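Structure record follows, encoded as structure tokens.
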Protein chains: 2
Amino acid sequence: MMYSIIETLKKNQLSITDSRKKILELFVKAKGALAHADIEHQSGTEFDRVTIYRTLQTFVEKGIIHTIPTSDNSVRYALCKDACTEGHHHDNHVHFMCDVCGTTYCLDNITTPDVKLPEGFRSTQTDLVVSGVCAKCAN
Amino acid sequence: MMYSIIETLKKNQLSITDSRKKILELFVKAKGALAHADIEHQSGTEFDRVTIYRTLQTFVEKGIIHTIPTSDNSVRYALCKDACTEGHHHDNHVHFMCDVCGTTYCLDNITTPDVKLPEGFRSTQTDLVVSGVCAKCAN
DNA sequence: AATATTTTGCAACAATGTTGCAATGTTGTA
DNA sequence: TACAACATTGCAACATTGTTGCAAAATATT
């Protein structure tokens with residue numbers, strides 16, 4: 001953690017509100033990625049559903065979090081390690097999704113390969129999603 | 001195309017019904033992947049929404065089509081080239097999703113890399129999704 | 001502290017997906 | 001071909017997920 005939650009919000013020119021502090025805190029504490037529903041449950045009845053949607057949207061726009069394509073096509077968001085410190089470089093993520101517990105891990109130390117695309121295709125983003133069983137669920 | 005639509009259904013021990021024939025035909029004709037909504041529009045008012053959901057589910061279970069994780073987390077299904085002929089080997093797909101026209105392409109001739117996972121993690125499936133601009137939208 | 005701006009919560013709505021059940025269609029067998 | 005057994009469909013009702021407009025409340029600016 002290089003920056004505090006409040007500093008991260010300020011750096012991104014966002015007003016400091018309860019919901020933003022709380023939701024960003026959830027991401028910082030979370031080991032893996034969070035779905036909208038996770039946030040809704042973990043924050044209790046504290047915030048309106050709509051506020052959560054809008055907060056997530058705002059965070060994505062500012063590059064604080066990013067969405068993860070998952071093999072079950074549920075929407076998940078993650079704050080990767082460099083997200084706080086380096087900004088918008090969300091091009092080379094490898095994610096692991098556990099089929100048992102559903103946790104999504106960011107494998108920050110692995111980078112995506114370069115893919116040779118057919119003639120005329122241009123790539124802007126590459127996502128590599130590995131599904132399987134995580135270490136915790138292996139036993 | 002090695003097998004006709006009816007033969008494909010028979011091979012998978014499915015009864016031959018109008019909706020299955022029609023929906024499978026849509027996949028065979030489609031260049032890329034289809035979302036539920038695409039199928040709903042392309043088949044007109046012919047079938048109930050529920051029937052489409054159930055048919056897609058059945059096809060996924062039988063390994064005729066498979067879901068694609070997309071960068072915008074919309075659910076898409078595709079019949080990859082080998083799906084008809086070889087069955088259930090949906091482990092090594094590379095998909096390209098055009099940010100402009102939304103078409104999803106299966107890049108069947110490219111295989112996903114082996115990823116070295118952390119200690120204790122076991123992989124069952126690897127999905128590589130490249131987003132960008134396709135050849136058709138490049139101009 | 002007062003005003004300007006942003007964010008929130010509510011309500012209403014739209015889209016997407018699921019389930020139970022009766023009616024219909026398909027398949028296998030005689 | 002006709003019948004019985006079985007599978008699939010369509011309908012209705014519902015659950016979940018996501019979106020929009022607007023007044024009230026909170027935050028930021030002076």
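The sequence lines fix the lettering, A, B, ..., with proteins before strands; numbering per chain opens at 1. Note that this is a predicted model, so its numbers are computed, not measured.
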Spacing of [X] atom [atom1] relative to [N] atom [atom2], expressed in whole Å:
{"X": "A/Leu56", "N": "D/dT19", "atom1": "CG", "atom2": "C1'", "answer": "14 Å"}
{"X": "B/Gln13", "N": "D/dC6", "atom1": "CD", "atom2": "C1'", "answer": "15 Å"}
{"X": "A/Arg54", "N": "D/dT17", "atom1": "CZ", "atom2": "P", "answer": "18 Å"}
{"X": "A/Arg20", "N": "D/dA25", "atom1": "CZ", "atom2": "C1'", "answer": "14 Å"}
{"X": "A/His36", "N": "D/dG18", "atom1": "NE2", "atom2": "C1'", "answer": "8 Å"}

Near DNA chain C, which residues from residues 46-53 of chain B have a heavy atom under 4.0 Å away?
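Hits under 4.0 Å, by residue number: B/Arg49, B/Val50, B/Tyr53.
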Set of side-chain contact (heavy atoms from CB on, under 4.5 Å) partners for [X], sequence neighbours left out:
{"X": "A/Val115", "answer": "A/Leu117, B/Val94, B/Ile110, B/Leu128, B/Val130"}
{"X": "A/Arg49", "answer": "A/His36, A/Glu40, A/Tyr53"}
{"X": "A/Lys21", "answer": "A/Ile5, A/Ile6, A/Leu9, A/Ile16, A/Asp18"}
{"X": "A/Ala30", "answer": "A/Leu34"}

Taking only residues two or more places apart in sequence, or in another chain, which ones meet A/Thr55 in a side chain to side chain donor-acceptor pair (under 3.5 Å)?
none
Kindly state each residue pair satisfying ring pair (Phe, Tyr, Trp, His ring centres under 6.0 Å) with at least one member in residues 112-139 of chain B, sequence neighbours excluded.
A/Phe96-B/Phe121, A/Tyr105-B/Phe121
Which pairs count as ring pair (Phe, Tyr, Trp, His ring centres under 6.0 Å) when at least one residue sits in residues 7-32 of chain A, sequence neighbours excluded?
none
Terminal helix-axis angle for the helix from C/dA1-D/dT30 to C/dA30-D/dT1, with five pairs defining each axis and rounding to 10 degrees:
40°
Salt bridge (charged side-chain N to carboxylate O under 4.0 Å, His left out) with A/Lys116: which residues, sequence neighbours excluded?
none
I'd like to check the salt bridge (charged side-chain N to carboxylate O under 4.0 Å, His left out) partners of A/Glu46; sequence neighbours left out, ordered by chain and number.
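A/Glu46: no salt bridge (charged side-chain N to carboxylate O under 4.0 Å, His left out) contacts found.
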Let's see if you can work this out: which of D/dT27, D/dT19, D/dT8 has an atom nearest to the side-chain heavy atoms of A/Gln57?
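Of the options given, the side chain of A/Gln57 lies nearest D/dT19.
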Contact span of DNA chain C against chain B, any nucleotide atom under 4.0 Å from a heavy atom, 5' to 3', runs C/dT16 to C/dT27
Under 3.5 Å, is there a donor-acceptor pair between the side chain of A/Thr124 and the main chain of B/Ser131?
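Between the backbone of B/Ser131 and the side chain of A/Thr124 there is a qualifying donor-acceptor contact (under 3.5 Å).
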